[in-house]
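To find a chain, count down the sequence lines: A is the first, B the second, and so on, and within it residues start at 1.
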Amino acid sequence: MAGLTDLTITAALDGLVKGAFTSRELTEAHLAAMAEARGLNAFVVETPDKARAMADASDARRKQGKVGALEGIPLGIKDLFCTEGVQTTAGSHILEGFTPTYESTVTANLWRAGAVMLGKLNMDEFAMGSSNTTSYFGNVVNPWRRKNGSNVDLVPGGSSGGSAAAVAARLCLGATGTDTGGSIRQPASFTGIVGIKPTYGRCSRWGIVAFASSLDQAGPMARTVEDTAIMLGAMAGHDPKDSTSVNVPVPDYRAVLTGDIKGLRVGIPKEYRVDGMPAEIEKLWHDGMAWLKAAGATPVEISLPHTKYALAAYYIIAPAEASSNLARYDGVRYGLRVPGNSLDEMYELTRAAGFGKEVKRRVLIGTYVLSAGYYDAYYLKAQRVRSLILRDFTQAFDKVDVILTPATPSAAFGIGEKADDPIAMYLNDVFTVPVNLAGLPGISVPAGLSADGLPLGLQLIGRAFDEATLLKVGQVVEKAAGFTAKPEGI
Amino acid sequence: MSLDRKAVAHIATLARIRVPESDLDGLAGELSTILGWVEQLGEVDTAQVEPMSSVVKVDLPRRKDEVTDGNCRDKVLANAPEPAHGFFTVPKVVE
């Protein structure tokens with residue numbers, strides 16, 4: 001059925017309630033769209049049989065009057081979430097063929113809410129990347145193209161690049177992502193969709209392949225703020241299996257979308273005016289301020305003085321934690337094994353063959369900064385700077401209720417650009433990384449188009465566990481921006 | 001901090017990643033660039049600052065010391081590359 005793939009989750013739920021179509025019909029429409037769009041390489045694994053079975057089960061439940069918050073909604077799942085009986089690779093050769101015998105808490109929560117799984121979405125290897133060009137299973141292509149006639153394939157951002165491309169290309173109504181330094185918000189911005197990184201501890205990390213445990217957080221990606229609100233409500237919640245998941249109530253996020261932001265104080269951090277920021281990003285930011293002001297909020301200039309050190313601290317902390325987490329890939333219990341004459345040789349050959357270039361680079365950096373004699377100078381120093389970054393935010397939130405910044409310093413770039421310079425690639429995350437270091441929630445909302453006709457996003461940062469305010473303000477930005485552009489051909 | 005090929009080879013051994021001789025110089029350059037870049041943290045006075053140990057101030061939860069899982073050997077071994085007789089296997093480590 002044409003048109004079904006272009007619905008929002010909100011509209012699809014209404015249609016299912018009214019009986020305008022079934023979950024099976026909605027699911028078939030998406031499976032057909034996925035088959036047409038394989039050139040984007042958004043999915044690592046498609047699970048059509050499972051999708052049909054889940055859709056039929058949902059339709060049967062609906063007949064019995066059992067309707068969950070995402071009843072019958074087809075979703076894509078980032079390949080970082082363990083899914084029982086379905087290959088889970090984290091985009092890495094070292095996990096090729098790994099088929100979990102258990103389900104991650106977040107995906108289990110989604111299935112309990114009635115959602116349908118379409119398949120597993122491509123991503124940067126172990127979520128390390130900002131362009132989805134480090135996956136063992138190939139690059140993901142952004143469905144958007146520049147309007148200047150160059151027609152080069154663009155990156156969808158990363159690491160949740162498959163999720164972003166699939167949602168933007170109408171291959172699923174929503175998708176899960178994870179965000180360690182911007183991996184939900186940056187690809188959402190590059191593809192014109194909404195992505196929210198919740199507060200650290202809001203969603204369980206149990207069953208998610210670990211990258212940097214003190215930074216990783218799962219969140220939803222969808223085409224409207226309301227859709228992400230519905231998904232977040234289903235994904236979030238305390239989980240005794242994750243000792244860092246926090247036992248606080250999950251609000252009804254849909255109910256808070258009142259549009260009423262009168263009197264709200266919106267922080268504008270002066271340190272986010274970085275050198276060489278394109279004029280169109282600066283303009284977008286000013287548009288955002290004007291929209292919020294028009295809706296009754298008050299912009300307040302604030303200072304986050306340690307912002308400029310966030311990326312450097314991140315590129316010590318994240319690789320250090322990654323080198324520790326990835327020690328488990330040794331060819332013994334799961335994943336790839338390359339035979340060796342000794343145990344050490346087997347480890348070394350397995351890890352040399354199983355990890356890609358960027359993952360090796362980060363594991364080596366992490367191993368070095370944690371090694372004897374360097375731990376204090378690098379890791380502890382970075383953790384001290386991290387305390388200062390959090391303090392900056394804490395002091396700012398004495399004066400303001402929410403912070404507005406650009407989501408990324410540029411629009412999507414071409415595949416292969418920035419490939420030779422890791423630091424240029426790392427700079428993609430300059431606006432998103434501080435939020436992870438402080439553990440705060442952040443949302444990226446599509447707010448305009450670049451001169452080349454590519455989507456640009458604005459980021460809102462909130463107090464810990466105040467996703468409700470982010471979603472409320474995010475929807476005001478969304479409505480004021482009136483972003484209706486779509487990738488060509490969709 | 002600038003790393004030479006000898007240092008990179010040592011780090012690779014610690015990380016248990018085999019790095020071909022021909023890659024050592026390239027990696028030494030890349031890693032040195034990244035380490036040089038992160039050294040800007042030296043500008044920040046952190047003498048009176050505690051390292052951040054957790055994002056959210058909560059006490060580490062405790063649970064009762066009781067068995068909540070188990071009896072799932074086949075599930076544990078399901079993805080093992082070379083299981084044998086209900087065990088993981090590794091190259092011989094004891095003569």
For the pair A:His306 and A:Tyr309, name the ring-plane relationship: parallel under 30°, tilted 30 to 60°, perpendicular over 60°. tilted

Would you mind checking which part of B:Asp45 comes under 4.5 Å of any heavy atom in chain A, side chain (CB onward), backbone (N, CA, C, O), both or neither? backbone

Once you round to the nearest 0.5 Å, how far does CG of B:Leu35 lie from CD1 of A:Ile365? 4.0 Å

Segment of B:Ala12 engaging chain A (4.5 angstrom heavy-atom cut-off): both

Under a 3.5 Å distance rule, please check whether A:Thr199 uses its side chain to pair with a backbone N or O of A:Leu440 as donor and acceptor. no

If you compare all heavy atoms of A:Thr367 against all heavy atoms of A:Val363, which two are closest, and at what distance to 0.1 Å? OG1-O, 2.6 Å

Reported NE2-to-OG1 distance for the pair A:His93 and A:Thr350, which is rounded to 0.5 angstrom: 10.0 Å

Flag, side chain of A:Arg463 to backbone of A:Pro441, donor-acceptor distance under 3.5 Å: no

By a 4.5 Å heavy-atom criterion (distance strictly below it), what part of B:Leu41 contacts chain A: side chain, backbone, both, or neither? both

Measure from the side-chain N and O atoms of B:Arg62 to the backbone N and O of B:Asp65, and report whether any donor-acceptor pair falls under 3.5 Å. no

Which one, A:Leu390, A:Leu349, A:Asp344, A:Leu336, leads in non-hydrogen pairs under 4.5 Å with chain B? A:Asp344

Would you mind checking which part of A:Phe355 comes under 4.5 Å of any heavy atom in chain B, side chain (CB onward), backbone (N, CA, C, O), both or neither? side chain

Assert top hit (heavy-atom pairs under 4.5 Å, partner chain A, pool B:Glu43, B:Lys75, B:Arg18, B:His10) equals B:Arg18

Looking at A:Met346, A:Arg384, A:Arg351, A:Gln383, which has the largest count of heavy-atom pairs under 4.5 Å with chain B? A:Arg384

Kindly give the heavy-atom pair with the smallest separation between A:Ser92 and A:Gly354, and that separation in Å. OG-O, 3.3 Å

Go through the atoms of A:Leu364 and report whether side chain, backbone, both or neither lie under 4.5 Å from a heavy atom of chain B. both

Heavy-atom pairs under 4.5 Å with chain B, option from A:Ser387, A:Pro240, A:Gly340, A:Ala352 with the top count: A:Ser387

Heaviest contributor of heavy-atom pairs below 4.5 Å to chain B, chosen from A:Lys360, A:Arg333, A:Lys381, is A:Arg333

Is it the backbone or the side chain of A:Ser243 that comes under 4.5 Å from a heavy atom of chain B, or both, or neither? both

What part of A:Lys357 is in contact with chain B, defined as an atom under 4.5 angstrom from a non-hydrogen atom: side chain, backbone, both or neither? side chain

Quick one: what part of B:Leu60 sits under 4.5 Å from any heavy atom of chain A, side chain, backbone, both or neither? side chain

Report which part of A:Ala382 has an atom under 4.5 Å of a heavy atom belonging to chain B: side chain, backbone, both, or neither. both

Less than 4.5 Å to any heavy atom of chain A: does that hold for the side chain of B:Val90, its backbone, both, or neither? both

Part of A:Val246 within contact of chain B (heavy atom distance under 4.5 Å): side chain

Name the region of A:Ser342, side chain, backbone, both or neither, that has any atom closer than 4.5 Å to a heavy atom of chain B. backbone

Donor-acceptor pair, distance only, cut-off 3.5 Å: does the side chain of A:Ser130 make one with the backbone of A:Asn428? no

Tell me, side chain or backbone of B:Gln40 under 4.5 Å from chain A's heavy atoms, or both, or neither? both

So A:Tyr315 and A:Tyr426, would you call those rings parallel, tilted or perpendicular, with 30° and 60° as cut-offs? parallel

Per-residue contact mode, B:Thr89 against chain A (heavy atom under 4.5 angstrom): both

Contacting moiety of A:Ile317, where chain B heavy atoms sit under 4.5 Å: neither

Need one label for A:Phe465: side chain, backbone, both or neither, based on atoms under 4.5 Å from any heavy atom in chain B. side chain

Check each of A:Ser104, A:Ser204, A:Ser245 against A:Asp239 using the side chain to side chain donor-acceptor pair (under 3.5 Å) test, and report the only one that passes. A:Ser204

On a heavy-atom basis, which atom in A:Gly219 and which in A:Pro198 lie closest, and how many Å separate them? CA-CD, 3.8 Å

Hey, does the side chain of A:Thr99 reach the backbone of A:Gly85 with a donor-acceptor pair shorter than 3.5 angstrom? no

